[in-house]
Enquirer: 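My questions all concern the structure below.
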Amino acid sequence: MSRRTLLTYGVAAISVVAFTLFIGWWRVDGPGAPEPAAQRPLPLTQMDFQMTDQGGATVGPASLLGNPSMVFFGFTYCPDVCPTTLSDISGWLDDLGDDVADMNVVFITVDPERDSVAAMAEYVSYFHPAIQGWSGTLEETERAAAGFRASYAKVATEGDDYTMNHTASVFLFDAEGQFASTIDYHEPREFAVPKIRRVLARAEEETS
Amino acid sequence: MRYSTALALAFSMLVGLPTASVAGSEDIVVEDAWSRASIGINRPGAAYMTLRNTGTDTVTLLGLETPLAMMPDIHETKTDANGVSSMGPVGEITIPAGESVALEPGGMHAMLMRLQTKMVEGETFPLTLTFADGGTLTVDVPILGIAARGPEG
C-alpha cells in the first residue's frame, strides 16, 4: 500500500470518527438535544415578571427575596386539584405554626382572564391567611411560568367552557431566591412538612 | 326444625325477592359523601364519595343527575410525570362485586358543571346515581367549607 493510499484511509477514518462525535454532540448536548422533561425553576433573582397581589400591590419575583418562599400555579375555576392544594398547604402551614410566619406563600393564577385581582382576593380569603393570590396579564403569566419551568394550557370543555391543565407542583425557594425543592401534588404531609422545615432551617443558618 | 325453617324463609326473602328489573345496583352503598361550598355559581363544584358494592354482581355507574347542576359528570384528575395536572370525563365506572370505588380529591370526582344555585356550607343537595341495570340511587351530599379536605371537614 502506498503512502498516499494510507493517508487517504487515515483521513477518511478520522473524518468518520469526527462526524460521529459531532452527531453525538448535536443530539445529546447540542441544538438537536431534546428538552429535558422536567427542568428546575430558575433562581427568583433571574426571573422577570410583574403581577398584582390580592391587595392590589404590584409584585414580582424580587418581592419574594429575603424570606423563604413557596410558590404554586392554579386557577380558581378548578374544582379539584386547586382547592385540594390550597387546603393541603393550609394544613402544612397550620402544622408549622409560628415557624412559617415569615414565609412567602404564593398562588399564581394561570387563568388571568377569569381570575381578576378581586376573584383571587376572595378565593384566597377562604384558606390560610399567609396565602397570597397573584394575577397578571396573559403575557406576564407566560413569563412567570417560563421562569418556574411550569406549564399550562387552556382546554375547551362541553358548553363553550374551558378548563386549564397546569403544573400542580409546589416550588420551594430559600431566602436568597435559590430553588430548594419541589413538593409534588398530593405528596403526603409526612414528606411535605419536613421539606418546608429544611428550607426554613437553611434560612435560619444563613441569617445567624 | 323451626330454626332451619326460619333460616330458609330468611334466605328466600334475601335471594328470592329481587326488586323488579334491577340487578345489582340495589346493593350499592354510598359512604362518606361530601362536597365543597362554592363561590357563586360560575365555578364548577366537586363532590366526593365511596361507592361500595355489597352484592354479588358487577355494577356499572352510567351517570349523575342533580337539581343543583345542569351538567353533572364524573371526571378524573390525572397528573403526568412532569407534574402537570389535567382533568376529563371518565365515562362509565365499573364497581366489581364486593369492591369499592372511591371518588376522592386528586382522583375521580363528581364534577358539577353549570351550578343552578350556590353551594352553601352546612346545606346538603340530592345527587342521583344512574346505573346500567336501570336502577337509581339518590344520596344527600353534605356541603362542607371551601377549604375542606375530606368528609370530616
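Chain naming here is simple, since letters A, B, ... match the order of the sequence lines and numbering starts at 1 in each.
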Enquirer: Counting neighbours of CD on B:Gln116 that are heavy atoms of other residues, nucleotides or ligands and sit closer than 6.0 Å, is the number greater than 12?
Expert: yes

Enquirer: Do the side chains of B:Arg149 and A:Asp88 get nearer than 4.5 Å, heavy atoms only?
Expert: yes

Enquirer: Return yes when atom CD of A:Gln50 has more than 12 non-hydrogen atoms of other residues, nucleotides or ligands closer than 6.0 Å, and no otherwise.
Expert: no

Enquirer: For B:Thr79, which atoms come within 4.5 Å of any heavy atom of chain A: side chain, backbone, both, or neither?
Expert: side chain

Enquirer: Pick one of side chain, backbone, both or neither for B:Ala37, based on which atoms fall under 4.5 Å of a heavy atom in chain A.
Expert: neither

Enquirer: Using heavy-atom distances under 4.5 Å, tell me whether A:Thr76 contacts chain B through its side chain, its backbone, both, or neither.
Expert: both

Enquirer: Test your reading of the model: is there a side-chain donor-acceptor pair from A:Thr167 to the backbone of B:Gly83, 3.5 Å cut-off?
Expert: no

Enquirer: Is it the backbone or the side chain of A:Thr163 that comes under 4.5 Å from a heavy atom of chain B, or both, or neither?
Expert: side chain

Enquirer: If we only count heavy atoms from C-beta on, is the A:Asp80 to B:Pro105 side-chain gap below 4.5 Å?
Expert: yes

Enquirer: Which atoms of B:Asn42 are under 4.5 Å from chain A, going by heavy atoms: the side chain, the backbone, both sets, or neither?
Expert: both

Enquirer: Atom OG in B:Ser86, atom NE2 in A:His166: separation rounded to 0.5 Å?
Expert: 9.5 Å

Enquirer: Could you tell me which portion of A:Asp184 (side chain, backbone, both or neither) has an atom closer than 4.5 angstrom to a non-hydrogen atom of chain B?
Expert: neither

Enquirer: May I ask you to test the A:Pro79-B:Met87 pair for a side-chain heavy-atom distance under 4.5 Å?
Expert: yes

Enquirer: Considering only heavy atoms, which portion of A:Tyr152 lies under 4.5 Å from any heavy atom of chain B: side chain, backbone, both, or neither?
Expert: neither

Enquirer: Tell me, do A:Thr84 and B:Arg36 make a side-chain contact under 4.5 Å, heavy atoms counted?
Expert: yes

